[in-house]
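To start, the structure itself, in C-alpha cells.
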Amino acid sequence: MISENSAVETDAGSANDYIREAIRKDLRDGHYRNVHTRFPPEPNAYLHIGHSKAIWINYGIAQDFGGLFNLRFDDTNPEREEQEFVDGIIEDVRWLGADWGDRLCFASDYFDQMYDWAKDLIRKGKAFVCDLSVEELSRTRGTLTSPGENSPFRNRSVEENLDLFERMRAGEFPDGARTLRAKIDMASPNLYLRDPVMYRIRHAEHHRQGNKWCIYPSYDWAHGLEDSIEGVTHSLCSLEYEIHRPLYNWFLEELGIYHPRQIEFPRLKLTHTVMSKRRFIELVKGGYVTGFDDPRMPTLVAMRRRGYRPEAIIEFVRRVGVTKADSVIEFHVLEDCVREDLNRAAPRVMAVLDALKVVIENYPENRDETVQAVNNPEDPLAGSRDVPFSRELYIEREDFQENPQPKFFRLAPGREVRLRYGYFITCVGVVKDDDGNVTELRCTYDPATRGGDSPDGRKVKATIHWLSAAHALPIEARILDHLFKASNPDDVAEGESYLSNLNPDSLRVVRGFVEPSVANAQPGSVYQFERLGYFCVDKDSAPNALVFNRTATLRDTWAKIAAKATPG
RNA sequence: UGCCGGAUAGCUCAAUUGGCAGAGCGCCUGACUCUGGAUCAGGAGGUUCUAGGUUCAAGCCCUAGUCCGGCAGCCA
C-alpha cells in the first residue's frame, strides 16, 4: 500500500524535471495522495523508439514516487486495431522493463460505463445527437481565426437526444449518419471545444468486443474517463494533446467524477529516421525495408533484432530528459548509448570481414594449437576461451598497406605486429595476382612471443585481429547504416518526398569469417567483433549459415587520423 | 489575421525563492593500454532570441517585438 507520506517523501531519483516538480507539488498540496501513471498506446502499430520515452516517463515517474503504472490499450477505434499489435506492444513494453503488475487494461472494457456517462451528460443538457454529415460538420466548425456556427440539432430535447442516442447504439442508423456531440462553445478559440464529437457510428468488429458495439467513443471523450476509472493521478502524454487538455478537464468536471491531471511532454524526435505508422507502412510496402522488424527501422522490434538492449534505450531516454522544448536528437546519441552498454556486456570474439590470407612460413604445415583469449576485458568474470591458431590465417585486408601512409602502424612489408592473443608476426613477402592485387601475405612468426608478449621486451605498434583459415566459420554480415542519408528526411526539393532521402547504402552485405566459438550462437546474441564493432546474430541465422547484423561501430579514431594524414 | 507552447555552449538539457550560467555527448590536447577500442586527465566553446523596464541583483519578473513548433478527423 502507498501511504500518503511515503509518496511525498520518496526520493524521486536523480531526474528532476517540470513534471516531477509538478507532481511533488500536487502531493505537497494534497491534490493527490499517491502517484499512478499509465502508458496508453493504441494497438494499431508496433512501438517505435519514440514510445520508449513515453514509457520511461510514465513508468519511471511511478517508480520514483513509489506509485503504480498501468499498461492500457486505447482501443476505441475498431477499424484500426488488431490483436497482433496488442501482443507486440506487450512484448515491447515488457522488454523495456516496465512492470504493470496485474494492471493490463483495455479502454474497451469501459464502454458500458462510458455509455452511461454519456447519457448523464445528455440528461444534463450537455450533449446532443447531431445529424450533420462529416462535410457539414467540418464546414460549420469555423476556422482557426473565425468562429464556428451552432448545429441546427443543438437544441433537441433531452428526451429526443436520449432516444436517438439509444437508437444509435441499437444499430438503427448507418455509419456516419449521426454523432453524439458535447455542447460547449462553437466560438471557442480552441477548436477542440467547438462541440466535439463524443461518439460516432461504426458498424465494425472490434478485436475484443466483437460486434457488441456499433458506436465508438472518440479519443477526447474516452481518454479522461479511462484515466479516471483506473485511478490514474497523472496522465502524462505528448505535447500535441496540450490543446486537448481543456476538453479533458471539461468532461471530468461536467461528470463530477475523479479527476486526474494531464501533463504534456514533447515527443522524441530522431535524426535520420521517420517515426510515423503511415511511413512505416510505405517503407515496408515499397520494399525499401524487409518489414517492421527490419533492423534499420526505428521500431523496438527492429532495434531488438539489431542487437540494441533495453539498457541502452533506457539510458538514451534518460539522457534526453524531459523538458517542454520540442527538439530533435542526433541519432549518434542513441548509438553512443548502445556502445556504452555493449562495451560493458558484449563478449569479444574475432571476426574478419574482408579476408586477406596470411601464410606463416616458419610455422609447421601440419600443426595447430590453441591460444587463450579474454572474453571481456570489462568483465573479469567473463573468463576466457580457446582460439585455434595454425599456419594459414586470415587478417583484415585493411590492416595491411604495401606502402604505408604516415601514422599507419599496422602490417606492411618488413614490419612486425602482434596478432591479438597470438604471436608477433613479420611480413616478409607479398603475393599478387596478374592485376597487381594483393592476394596473400608471407610472414614469419616469433615462437617466443606466444600469447602476445615478447620475452626480450620489444614493442610492436599495433595489434591486429586474425582467424585460423582452416577453423574459421563463414558468415554473412549485414552492415547497417542510417535509413535516410539526410538528417531530416523531410528536407527535400520541391515535388520530392522523404523517400528521395533514403540512403542507398543503408544495407551492405559482406561475406566474412568468425572464430568457431560462436558456432552455436542463438539469434539475439550480441558480440563485439574485436576492432570492428558490435554484431548481433540475426533471426535469419542458421547453424551452418550464420548471419550477423552490425549493431554499432566502435568509436573510430583511426578514421580521423587517416583523414588528417591524407593530404587534401 | 486566432489560440497554445517554446527559444540558455555545435547537439540534448540543468540552473532552489530573482543570488558566481553548469552537465552529458561532440570537438581539441595529453596519459595509459595486447582492440589505433575502452578508460583516465586536462582544454576550448556563452551578447541566456532582440529592445526596453523593475531590482542591490534578472536566464528567471514586467512590456513590446522576432523567430520556431503545434492545432481546423466522426484518428489517437
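Chain letters run A, B, ... following the sequence lines, proteins first, then strands; residues in each count from 1.
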What residues, two or more places apart in sequence or in another chain, satisfy ring pair (Phe, Tyr, Trp, His ring centres under 6.0 Å) together with A:Tyr241?
A:Tyr219, A:His244

Going by an N to O cut-off under 4.0 Å, is there a salt bridge joining A:Glu396 and A:Arg410?
no

Interatomic distance at P, B:rU12 relative to B:rG26, whole Å
15 Å

Mind checking A:Glu530 for me? I need base, sugar-phosphate or nothing, with any heavy atom below 4.0 Å counting as a touch.
base

Counting any heavy atom closer than 4.0 Å, what does A:Ser188 reach on the DNA or RNA strands: base, sugar-phosphate only, or nothing?
nothing

Is the phosphate of B:rG73, meaning OP1 or OP2, less than 4.0 Å from a side-chain N or O of A:Arg80?
no

How are the rings of A:Phe548 and A:Tyr527 set to each other: parallel, tilted or perpendicular (split at 30° and 60°)?
perpendicular

For nucleotides 11-13 of chain B, print each protein N/O atom paired with a nucleotide N/O atom at under 3.5 Å, atom names and distance only.
{"residue": "B:rU12", "atom": "O3'", "partner": "A:Ser327", "partner atom": "OG", "Å": "2.9"}
{"residue": "B:rU12", "atom": "O2'", "partner": "A:Val320", "partner atom": "O", "Å": "3.4"}
{"residue": "B:rC13", "atom": "OP1", "partner": "A:Ser327", "partner atom": "OG", "Å": "2.3"}
{"residue": "B:rC13", "atom": "OP2", "partner": "A:Ser327", "partner atom": "OG", "Å": "3.3"}

Within 90° of 0 counts as syn, otherwise anti: where does B:rG73 fall?
syn

Among B:rG36, B:rC3, B:rC71, the one nearest A:Pro189 by side-chain distance:
B:rC3

Most 5' of A:Glu242 and A:Arg178 on RNA chain B, judged by nearest nucleotide:
A:Glu242

Mind checking A:His223 for me? I need base, sugar-phosphate or nothing, with any heavy atom below 4.0 Å counting as a touch.
nothing

How is A:Asp220 classified with respect to the nucleic acid when contacts are heavy atoms under 4.0 Å: base, sugar-phosphate, or nothing?
nothing

Could you tell me whether A:Leu193 contacts a base, only the sugar-phosphate backbone, or nothing, with contacts defined as non-hydrogen atoms closer than 4.0 Å?
nothing

Starting at OH of A:Tyr248 and ending at P of B:rC4, how long is that distance when rounded to a whole Å?
22 Å

Scan side-chain atoms only and decide if A:Glu530 and A:Gln528 contain a donor-acceptor pair under the 3.5 Å cut-off.
no

Angle between ring planes, A:His223 versus A:Tyr248, binned at 30° and 60°: parallel, tilted or perpendicular?
tilted

For B:rG36 and A:Arg531 - does any side-chain N or O of the residue sit under 4.0 Å from the phosphate oxygens OP1/OP2?
yes

Any side-chain N or O of A:Thr145 below 4.0 angstrom from OP1/OP2 of B:rC3?
no

May I ask you to say what A:Arg202 touches in the nucleic acid, namely base, sugar-phosphate or nothing, with a heavy-atom cut-off under 4.0 Å?
base

Any Lys/Arg nitrogen of A:Arg318 or A:Glu315 sitting under 4.0 Å from an Asp/Glu carboxylate oxygen of the other?
yes

Give me the distance, rounded to whole Å, that separates B:rA23 from B:rA44 when you measure between the P atoms they each carry.
11 Å

Is A:Arg348 touching bases, backbone alone, or none of the nucleic acid, heavy atoms closer than 4.0 Å?
base

Which is true for A:Pro217 with a 4.0 Å heavy-atom rule: it touches a base, it touches only sugar-phosphate, or it touches nothing?
sugar-phosphate

What nucleotide among B:rC74, B:rG36, B:rU35 has an atom nearest to a side-chain atom of A:Phe409?
B:rG36

Flag the pair A:Arg339 and A:Glu335 as a salt bridge only when some basic side-chain nitrogen lies within less than 4.0 angstrom of an acidic carboxylate oxygen.
no

Indicate, with a heavy-atom threshold strictly under 4.0 Å, whether A:Arg410 touches base, sugar-phosphate, or nothing.
base

Remember a base hit wins even if backbone is also touched, and classify A:Arg141 as base, sugar-phosphate or nothing at under 4.0 Å, heavy atoms.
sugar-phosphate

Can you say whether a donor on the side chain of A:Tyr241 sits under 3.5 Å from an acceptor on the base of B:rA76, or the other way round?
yes

Counting any heavy atom closer than 4.0 Å, what does A:Ser218 reach on the DNA or RNA strands: base, sugar-phosphate only, or nothing?
sugar-phosphate

Are there any protein N/O atoms within less than 3.5 Å of an N/O atom in nucleotides 39-46 of chain B, and if so, which ones and at what distance?
none

Any donor-acceptor pair under 3.5 Å linking the side-chain atoms of A:Glu136 with those of A:Ser133?
yes

Hey, can you tell me if A:Phe106 and A:Phe73 have their rings parallel, tilted or perpendicular (30° and 60° cut-offs)?
parallel

Pairwise 5' ranking along RNA chain B for A:Leu144 and A:Gly176, keeping only the more 5' one:
A:Leu144

At 4.0 Å (heavy atoms only), tell me whether A:Phe408 reaches a base, stays on the sugar-phosphate, or touches nothing.
base

Heavy atoms under 4.0 Å, any strand shown: does A:Tyr421 hit a base, just sugar-phosphate, or nothing?
base

For a quick check under 3.5 Å, do A:Asn77 and A:Glu42 share a side-chain donor-acceptor pair by atom type?
no

May I ask you to decide whether A:Arg194 forms a salt bridge with A:Asp185, counting only side-chain N to carboxylate O separations under 4.0 Å?
no

